[in-house]
Amino acid sequence: MNPAPVDDSAIAKALAHHAAHEADYLEELKKLVRIPSVSFEGFDKAQVRKSGEATCALMRAKGLQNVQLLEMPGAHPYAYGEWKNAPGRPTLLLYAHHDVQPAGETEKWRIPNPFEPVEIDGRLFGRGAADDKAGILVHIAAIDSWLKAHGALPVNVKMIIEGEEEAGSGSLPAFLKKHREMLQADAIVLTDTSNFETGLPSITTALRGIVTVQVEVKALRQPVHSGMWGGPVPDPTMALAKILARLCRDDGSIDLPGIYDKVRPLTEDEKQSIAALPTSDELFRKQAGMLPGLKLLGGRAPWEMNWRQPSIAVNAIQASSRKDARNIICESAWARVGIRTVPDMDVKEVAQKLTAALKKDPPFGVQVEVTPEGDGGWWYTKGDAPAFRAARKALKDGYGKEPVSIGCGGSIPFVEPFSRELGGAPALLIGVEDPYSNAHSENESLHLGDFAKAARSAIRFYAELVRAG
Ligand code: BES
Ligand code: MN
Ligand code: MN
């Protein structure tokens, strides 16, 4: 079979197919959103399998070959499909994930059911509509448009759609070992990040890593009456509060010995590139939903803080519950704590420092148990490989705007080990979310204009990559 031609008129033909079928791609996205594929422990695993199968069915229907679920023992399945009929042309590994975060509190959503997507004011609301089922459909729309318009793609593709990204990608190292042959590629394209602003195409060149632990403080065999026993009996929740408070200085910085020692300073170019981005402290505050009076921490540009400095967060605390709040001393208290890491921090070292600090000098002699939840490494690229030039051209034409390079405060555990496995193959992180997507929160949504622009850019990218030689 001959690969698709890559001249302007060939691209236009593929784009025309996309334009005529935008409604179909949106419908297919809605179908995926209707499957509540939450990958967290305690949710129905069958739904994640179902979304993997639905992703496979979509790949098959669009003409991908060798489509299958890739399984690791005890893990949610990856969906895989490929099209390798363009000999002599580059091979792209296309990544997205089909699992989603839990929906949070249903009452906080402006739609009745987070898994029944609704279009409001040019956005599609629903859990996973943006993160990351839109990513799946961007790849699918690009592939389908080329195959329908030309019966062929300009490049070879291997599409890999993860099922455990939101749960920390625990089986990734084993998966990589098992499938390294099959997944060889010249470049990786990930659609799982955000644009810097709606309509502003953005290439992400840095991701933070993450270390997460659970800490449990135990004091009593059972909760007791706080009047009858309070005084001589220590409160484990107070002990937990003291332990957590030790992790953070008054200025918000992390109070672990040596934690900042390996943080790589920004180059002059990197500083300038952040300073040149179209934003302000006010806009940042607004996008993050910060209330009046709340301080911006760090004394650096907010996006420099978010992309290139470590940060700490207490994700959840539990000791009794608001609903059951009554006059007791709890028997135990629990929290989940995460630290985001940046170049050149060592994830294992951070985990060890965090654990040591949590266990150090337990207040009142409480018992402290720390359980690590897994971790993922940071990733960084200069973004100067030829594939990046092709991506910038494709984005510029696809969005009608000059793209920007940005970092990302979030993590995608897949990226670092995979690009390393592929011998440092360029990883192009080109997302479809925007600052108003509310990923992980209630009212997640996808901007439908950017959904179309992202697909148009992907269509162009395949051709530009070939043209770049
Ligand atoms: N798509 C996000 C990563 C991301 C975050 C992109 C922020 C752009 C902006 C991804 O699905 C995600 O949420 N990753 C997790 C990884 C964790 C579970 C190891 C994260 O960052 O919390
Ligand atoms: Mn994601
Ligand atoms: Mn996510």
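We use all heavy atoms of the structure for the numbers below, so side chains are in, but hydrogens, waters and symmetry mates are not. Order of listing sets the numbers, starting from 1, for every ligand and every atom in it.
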Between His440 and ligand 1, which part of the residue brings a heavy atom under 4.0 Å of the ligand: side chain, backbone, both or neither? side chain
Basic-acidic side-chain contact under 4.0 Å: Glu82, Lys158: no
Without hydrogens or angle criteria, can the side chains of Tyr462 and Glu464 be said to hold a donor-acceptor pair below 3.5 Å? no
Check the pair His179, Phe175 against ring pair (Phe, Tyr, Trp, His ring centres under 6.0 Å), reporting the backbone distance first and the verdict last. CA-CA 6 Å; His179 295 293; Phe175 178 82; 4.8 Å; yes
Is Glu165 in polar range of ligand 1, meaning some N or O pair under 3.5 Å apart? yes
N/O of His97 under 3.5 Å from N/O of ligand 1, yes or no? yes
Between Lys393 and Lys396, is there a side-chain heavy-atom distance shorter than 4.5 Å? no
Return the residue, atom name and 0.1 Å-rounded distance of the protein heavy atom closest to atom 22 (O) of ligand 1. Arg340 NH2, 2.9 Å
The angle formed at the Mn ion (ligand 3) by OE1 of Glu166 and OD2 of Asp131 is about (to 10 degrees) 140°
So if I count the atoms of ligand 1 from 1 in the order they appear, which ones are less than 4.0 Å from some heavy atom of Pro413? 19 (C)
Looking only at non-hydrogen atoms, which of Gly410, Gly431, Gly409 approaches atom 5 (C) of ligand 1 most closely? Gly410
Say whether Ser39 and His76, considering side chains only, have a donor N or O and an acceptor N or O under 3.5 Å apart. no
Any donor-acceptor pair under 3.5 Å linking the side-chain atoms of Ser411 with those of Arg340? yes
Nearest non-hydrogen contact with atom 9 (C) of ligand 1 belongs to which option: Cys408, Pro435, Ser411? Cys408
Of the backbone and side-chain N, O or S atoms of Glu165, does one lie nearer to the Mn ion (ligand 2) than 2.8 Å? no
Please determine, by modelled atom types, if Glu304 and Asn306 share a side-chain donor-acceptor pair under 3.5 angstrom. no
Ligand 1 to Thr193 polar contact by distance, N or O atoms, under 3.5 Å: no
Identified side chain to side chain donor-acceptor pair (under 3.5 Å) partner of Ser169 from the options Glu162, Glu164, His97: Glu162
Walk me through whether Phe196 and Trp303 qualify under ring pair (Phe, Tyr, Trp, His ring centres under 6.0 Å). CA-CA 10 Å; Phe196 192 67; Trp303 289 115; 5.6 Å; yes
Taking the non-hydrogen atoms of Gln101, is any one of them nearer than 4.0 angstrom to ligand 1? no
In this structure, the Mn ion (ligand 2) sits at the vertex of an angle between OD1 of Asp192 and NE2 of His97 that rounds to 10° as 100°
Return the option from Thr191, Asp192, Ile210, Asp99 holding the heavy atom at the smallest distance from atom 19 (C) of ligand 1. Ile210
